[in-house]
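Okay, so here's the structure we're looking at.
Whatever order the structure lists ligands and atoms in, that order sets their numbers, starting from 1. From a predicted model like this one, the values you see are computed outputs, not experimental measurements. For the single chain, residues carry numbers from 1 onward in sequence order.
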Amino acid sequence: MSGIRPTGFLHLGNYFGAVRNYVRMQEEYECFFMVADLHSLTTHPDTKDLKVNVHRVLSENIASGLDPDKVALYCQSHIHETSELYLYLNMLAYQGELEKTVTFKEKVRQHPNNVNAGLLTYPVLQAADIILHRASLVPVGKDQEQHLEMARNYVQRFNHRYGKVFPEPQAFNYGSELIKVPSLDGTGKMSKSENQMATLYLSDDDDLIRKKVMKAKTDSGPTENNSKKPDYIENIFLLMRLVSDEGTIKKFESEYNNCTIRYGDMKKQLAEDMVRFIAPIRQKAMDIRNNESYLKEVMEKGAEKARRSAKATMELVRQAMGLNYY
Ligand code: ADP
């Protein structure tokens, strides 16, 4: 089970941190993937772009290889059981721990005038989304590690107080560790809403991709053989490892190690490999987005599957909690 907020265009971080794993998992597991529209209200209370953004996230997920026939692909707000479970979990979540959450503190810094209770209890809603399907594996990027730890705490508290209903969910990635795709300016991570010139979106056209990659931060190159790479250079290599072939990566690694590397050439190569990777997804997503009746069908079918699973869990929850009076 996993979700992505409809707060803008999907980017390479969303793709490699999350969607790529969804696409592999759909072949092996029963999967629930949702557009987290309720979560987006914590920071984006203006809903005028919401419909377009929901359609965008759905289209970009499908264009990346997610098959709505194999998984439940749905919209968070269509499953009302989530809100009920969120309420129960809120009684097991404490103010002090919520205030210490890294993402909460970050959001308070970014939006000091909108520190709402929904923002504070964001991890509680996320836990409700996950355990509503009694999910065990949650494919997410590294930035979500702490939220998953909190979800496990709520599960432990619930199970301890009311009896075992939920498995403990774990963050999941097919590689050895969770991924953080860095932004091109060498500071922080790629993200939907900030740093737009330093983030590569699945919707960027070829020229924009080239322009962004060519602007990535570099320096005049190493002066000693086999020296350690500065973070911003390591980031460029990391991006290359995501989209370029073995031979290309080896070539630039060895040029770095013997100090003959020309970052201009490296970025040109990376830009072309990015274009090759992004262009087909962009084109496919655009076609899907133009087909509103198909998207409606996807959402209806997804909600039906998710609702079935949610209803079964909520029966168990109410029974365990003793909320069954007749
Ligand atoms: P954003 O931070 O771009 O708004 P979301 O909060 O909607 O993205 O997160 C959707 C998924 O994408 C989550 O699983 C998150 O861990 C992953 N993700 C977001 N940014 C990155 C990144 N730069 N690197 C790796 N994974 C990321």
Side-chain angles (χ1 to χ4, degrees), residues 1-25 31-44 49-50 53-54 56-61 64 66 73 75-77 101-107 109-111 118-119 122-123 125-127 129-130 135 137-151 169-204 212 216 231-232 234-236 238-239 241-243 274 281:
M1 197 285 147
S2 195
I4 297 185
R5 290 180 305 153
T7 48
F9 291 95
L10 294 203
H11 52 82
L12 278 194
N14 299 134
Y15 181 88
F16 286 104
V19 182
R20 179 174 62 166
N21 288 315
Y22 303 176
V23 173
R24 261 181 86 177
M25 288 179 94
C31 296
F32 296 87
F33 297 122
M34 63 167 201
V35 184
D37 55 342
L38 299 178
H39 271 116
S40 73
L41 297 176
T42 59
T43 49
H44 294 63
D49 295 330
L50 200 51
N53 281 335
V54 166
R56 197 171 268 163
V57 173
L58 286 170
S59 309
E60 288 177 337
N61 269 287
S64 300
L66 209 61
L73 179 58
C75 217
Q76 187 181 27
S77 63
T101 314
V102 174
T103 46
F104 175 68
K105 290 197 286 195
E106 224 171 71
K107 293 274 157 49
R109 251 196 320 272
Q110 289 163 355
H111 313 274
L119 199 59
Y122 189 110
L125 179 57
Q126 188 174 335
D129 293 321
I130 297 166
L137 302 180
V138 187
V140 284
K142 196 164 176 52
D143 56 323
Q144 294 294 323
E145 235 167 5
Q146 191 182 24
H147 287 180
L148 261 294
E149 196 184 314
M150 294 170 83
Q170 308 289 336
F172 179 80
N173 177 46
Y174 275 102
S176 53
E177 51 185 59
L178 299 183
I179 282 186
K180 173 180 148 189
V181 178
S183 63
L184 290 164
D185 59 5
T187 64
K189 60 165 194 144
M190 288 197 185
S191 132
K192 279 202 225 83
S193 18
E194 299 125 48
N195 258 342
Q196 307 217 334
M197 272 317 279
T199 294
L200 290 165
Y201 297 93
L202 298 179
S203 57
D204 284 347
K212 286 182 180 179
D231 285 349
Y232 50 92
E234 181 53 45
N235 288 350
I236 298 178
L238 189 154
L239 292 171
R241 275 179 228 120
L242 296 176
V243 295
M274 277 295 171
I281 299 180

Quiz item: Can you list the atoms of ligand 1 that are under 4.0 Å from a heavy atom of G141?
Solution: 14 (O), 15 (C), 16 (O), 26 (N)
Practice problem: Could you list the atoms of ligand 1 found under 4.0 angstrom from a heavy atom of G17? | Solution: 25 (C), 26 (N)
Quiz prompt | Pairs satisfying ring-ring contact (aromatic ring centres under 6.0 Å, His included), at least one member in residues 173-196, at least two apart | solution = F172-Y174
Report all side-chain donor-acceptor pairs from residues 181-191 shorter than 3.5 Å, counting only partners two or more places apart or in another chain.
unit_1: S183; atom_1: OG; unit_2: D185; atom_2: OD1; d: 2.7
unit_1: S183; atom_1: OG; unit_2: T187; atom_2: O; d: 2.4
unit_1: S183; atom_1: OG; unit_2: G188; atom_2: O; d: 3.4
unit_1: D185; atom_1: OD1; unit_2: T187; atom_2: N; d: 3.0
unit_1: D185; atom_1: OD1; unit_2: T187; atom_2: OG1; d: 3.0
unit_1: D185; atom_1: OD2; unit_2: T187; atom_2: OG1; d: 3.4
unit_1: K189; atom_1: NZ; unit_2: D143; atom_2: OD2; d: 3.1
unit_1: S191; atom_1: OG; unit_2: S193; atom_2: N; d: 3.4
unit_1: S191; atom_1: OG; unit_2: E194; atom_2: N; d: 3.3

Quiz prompt | Minimum-distance protein heavy atom relative to atom 25 (C) of ligand 1 | solution = I179 O, 3.2 Å
Exercise. Provide the number and element of each atom of ligand 1 under 4.0 Å from a heavy atom of Q144.
Key: 16 (O)
Quiz item: Below 3.5 angstrom, do we get any N/O pair linking M190 and ligand 1?
Solution: yes
Exercise. Answer yes or no for H11: is there a heavy-atom contact with ligand 1 below 4.0 Å?
Key: yes
Quiz item: Among protein heavy atoms, which lies nearest atom 6 (O) of ligand 1, and at what distance?
Solution: R5 NE, 3.4 Å
Quiz item: Hey, does N61 have a side-chain heavy atom less than 4.5 Å from the side chain of Y22?
Solution: yes
Quiz prompt | Distance filter under 4.0 Å to K180 heavy atoms, resulting ligand 1 atoms | solution = 24 (N), 25 (C)
Quiz item: atom 15 (C) of ligand 1: which protein heavy atom is closest, and how many Å away?
Solution: D143 OD1, 3.5 Å
Exercise. Looking only at distances, please establish whether an N/O atom of ligand 1 is found under 3.5 Å from an N/O atom of K189.
Key: yes
Quiz item: What residue and atom, counting heavy atoms only, is the protein's closest point to atom 27 (C) of ligand 1, and at what distance?
Solution: G13 O, 3.3 Å
Quiz prompt | Taking atom 12 (O) of ligand 1 as the reference point, the nearest protein heavy atom with its distance | solution = N14 ND2, 3.0 Å
Quiz item: Mind checking whether K192 and I4 have side chains closer than 4.5 Å, heavy atoms only?
Solution: yes
Quiz item: Side chains of L10 and R56: does their closest heavy-atom pair fall under 4.5 Å?
Solution: no
Quiz item: If you look at every heavy atom in P123 and T101, which pair is closest and at what distance?
Solution: CG-CG2, 4.3 Å
Self-check item: Shortest protein heavy-atom distance from atom 5 (P) of ligand 1, along with the residue and atom involved
Solution: K192 NZ, 3.5 Å
Practice problem: Please answer whether the main-chain N or O of Q196 pairs with a side-chain N or O of K212 as donor and acceptor at a distance below 3.5 Å. | Solution: yes
Quiz prompt | atom 24 (N) of ligand 1: the protein heavy-atom neighbour that sits closest, reported with distance to 0.1 Å | solution = V181 N, 2.8 Å
Quiz item: Counting distance only, does the side-chain N/O of T42 pair as donor-acceptor with the main-chain N or O of H39 below 3.5 Å?
Solution: yes
Quiz item: Using 30° and 60° as the class limits, which term best fits the ring planes of F9 and Y201: parallel, tilted or perpendicular?
Solution: perpendicular
Self-check item: V140 N/O under 3.5 Å from ligand 1 N/O
Solution: no
Quiz item: Where is the tightest heavy-atom contact between I236 and A216, given as atom of each residue plus distance?
Solution: CD1-CB, 4.2 Å
